[in-house]
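Written below as structure tokens is the structure these notes are about.
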2 protein chains.
Amino acid sequence: MQLLNNKKAYKNQAKILIAVDCIIFGFDSEELKLLLFKRKVAPLKGSWSLIGAFVDENLSLNNAAKQVVSNLTGLNNIFLEELQTYSDVDRDPGERVISVAHYSLIRINDFDLDSVEKYDARWFKIDEIPELIIDHKQMVDDAILKIRKKARYQPIGFELLPEKFTIPHLQILYECIYQKKLDDRNFRKKILSFNILTKTDEKDKSGSKKGAFLYKFNKEKFTSFISKGYNFEL
Amino acid sequence: MQLLNNKKAYKNQAKILIAVDCIIFGFDSEELKLLLFKRKVAPLKGSWSLIGAFVDENLSLNNAAKQVVSNLTGLNNIFLEELQTYSDVDRDPGERVISVAHYSLIRINDFDLDSVEKYDARWFKIDEIPELIIDHKQMVDDAILKIRKKARYQPIGFELLPEKFTIPHLQILYECIYQKKLDDRNFRKKILSFNILTKTDEKDKSGSKKGAFLYKFNKEKFTSFISKGYNFEL
DNA sequence: CCAAAAGTGTTGTTTTTACACCCATGT
DNA sequence: ACATGGGTGTAAAAACAACACTTTTGG
């Protein structure tokens with residue numbers, strides 16, 4: 001605001017209800033998934049929706065969204081970023097509410113869905129999203145496009161994969177995000193050429209008899225990789 | 001919002017002042033510029049700021065921002081897009097205000113600054129931005145990064161250049177956005193390879209004795225170009 | 001011993017970069 | 001006739017895409 005008005009003038013301005021809604025992505029080594037919630041109360045009882053909350057006087061939007069995810073999962077240092085606003089005047093049948101959608105990437109195994117049973121939460125594969133209330137489907141579609149774009153220049157794997165992961169897993173993650181098959185030789189070649197992975201001497205044998213070596217992201221190398229302006233097209 | 005609450009529950013929620021602030025870019029054939037406003041009233045009289053407005057009960061954020069630009073310039077079908085929210089609790093010294101920044105690209109010659117003299121507006125080169133109130137400098141920096149990113153996959157020239165323009169002008173625009181010199185042969189080769197420009201038989205002689213051919217964007221070709229998933233890296 | 005996934009190299013094609021000269025014209 | 005910016009082509013390097021076989025080991 002340009003502050004054309006002094007404080008007195010603010011008094012004449014309409015105030016509006018603000019909410020945050022969270023699009024929570026997870027990855028379980030096989031599929032990219034989205035956390036959705038079944039409404040337990042009328043109206044719209046039984047419909048699926050995103051989780052959200054009204055924004056309090058004393059929280060920034062980002063903090064409000066963090067609080068939503070934290071209350072739900074107990075997780076604190078999660079990746080969470082603003083998507084965009086949804087502000088159609090009549091979008092909420094109750095009263096005018098402007099919603100600021102945020103999306104979050106979490107490791108699906110870092111918390112137990114049982115512990116959030118009260119919310120009636122469920123993970124959905126991103127190509128099997130049910131009907132959602134109001135404009136939540138639009139939010140989800142926008143968020144999927146966003147992470148697809150984002151994956152091109154930032155290593156989204158950091159947030160979605162456990163500390164140690166195999167290259168085949170990383171590839172599956174990218175295949176889920178882009179929704180297409182990648183060539184395994186070219187993928188490995190390219191990702192290793194970035195020099196942002198550190199090989200451990202451990203193997204994950206859950207996926208095959210032979211076992212695949214576990215790698216870690218190397219944050220220092222990665223930071224300088226980004227700051228030099230490279231990007232991550234795959 | 002998940003509508004966990006029924007309408008009655010909405011009543012207990014805090015409402016907040018919402019504003020839109022507009023980062024208005026223009027291009028005058030030589031420089032990328034930003035439109036800023038000098039406050040005429042206390043507090044912060046004499047400081048430069050973006051232009052903005054509080055959001056009305058019955059306007060979406062996007063429409064509110066369009067109205068701001070339209071009131072200022074008289075222009076209606078302008079390019080305008082959401083940037084992001086700024087919601088620190090104490091950002092506005094007057095009272096809590098959440099601002100949703102929008103950025104806009106306009107043809108600098110489509111309107112006359114004289115006609116907006118009452119706002120005390122001025123175009124600034126983007127590398128000569130003065131100090132701005134509150135977090136407006138942050139908004140501007142974020143907006144510049146955004147258009148730099150956006151220019152990679154969308155033809156921003158459409159919005160910033162007049163209907164007919166020369167290839168040297170288009171190149172200067174990209175050089176302003178990226179803030180670096182581009183090779184003229186490679187630029188021309190690449191931009192023409194996209195097949196989204198139509199050559200006219202007119203020449204613009206304002207830049208040289210020889211004159212440079214004027215081109216137009218071809219919207220149909222461009223639309224299919226985008227929808228095929230190509231992008232615009234230069 | 002075999003099924004199943006992990007891992008490894010090469011080659012042809014495309015894209016990108018770097019680079020230098022002639023052209024048209026107004027003064 | 002000359003100064004000024006407009007316009008053109010080519011070659012070397014780099015990046016990308018396509019492709020098939022060997023390795024390991026649990027069952």
Which residues satisfy the side-chain contact (heavy atoms from CB on, under 4.5 Å) test with Ser29(B), sequence neighbours excluded?
-> His169(B)

Would you say the side chain of Met139(A) lies within less than 4.5 Å of the side chain of Leu50(A), judging by non-hydrogen atoms?
-> yes

Could you pull out every donor-acceptor pair under 3.5 Å between side chains of residues 189-199 of chain A and any protein atom, sequence neighbours left out?
residue: Lys189(A); atom: NZ; partner: Asn186(A); partner atom: OD1; Å: 3.2
residue: Lys190(A); atom: NZ; partner: Glu233(A); partner atom: O; Å: 3.0
residue: Ser193(A); atom: OG; partner: Lys190(A); partner atom: O; Å: 2.6

Heavy-atom contacts under 4.0 Å between residues 178-196 of chain B and DNA chain C, which residues?
-> Asp183(B), Arg185(B), Asn186(B), Lys189(B), Lys190(B)

Near DNA chain C, which residues from residues 160-168 of chain A have a heavy atom under 4.0 Å away?
-> Pro168(A)

Give every residue pair that meets the salt bridge (charged side-chain N to carboxylate O under 4.0 Å, His left out) criterion with at least one member in residues 69-88 of chain A, sequence neighbours excluded.
-> Glu81(A)-Lys150(A)

Would Phe158(A) and Phe79(A) count as a close aromatic pair, with their ring centres under 6.0 Å?
-> no

With sequence neighbours left out, what residues match Ala151(A) under side-chain contact (heavy atoms from CB on, under 4.5 Å)?
-> Ile156(A), Tyr174(A), Ile177(A), Tyr178(A)

Validation row: Lys146(B), Leu83(B) side chains within 4.5 angstrom (heavy atoms) = yes

For Ser60(A), all residues meeting side-chain hydrogen bond (donor to acceptor under 3.5 Å, both in side chains), sequence neighbours excluded = Asn63(A)

Which of residues 199-217 of chain A sit near DNA chain C, with a heavy atom under 4.0 Å from it?
-> Gly207(A), Ser208(A), Lys210(A), Gly211(A), Ala212(A), Phe213(A)

Compare all side-chain heavy atoms of Tyr103(B) with those of Cys22(B) and state whether any distance is below 4.5 angstrom.
-> no

In chain order, what residues pass the side-chain hydrogen bond (donor to acceptor under 3.5 Å, both in side chains) check against Asp142(B), with sequence neighbours excluded?
-> Tyr86(B), Gln138(B)

From the 5' end of DNA chain C to its 3' end, which nucleotides mark the outer limits of contact with chain B, defined by a 4.0 Å heavy-atom distance cut-off (strictly under)?
-> dT16(C) to dG26(C)

Determine which pairs satisfy salt bridge (charged side-chain N to carboxylate O under 4.0 Å, His left out) with at least one residue from residues 153-181 of chain A, sequence neighbours left out, and list them in order.
-> Glu163(A)-Lys216(A), Lys164(A)-Glu202(A), Glu175(A)-Lys181(A)

Who passes side-chain hydrogen bond (donor to acceptor under 3.5 Å, both in side chains) against Lys137(B), sequence neighbours left out?
-> Asp141(B)

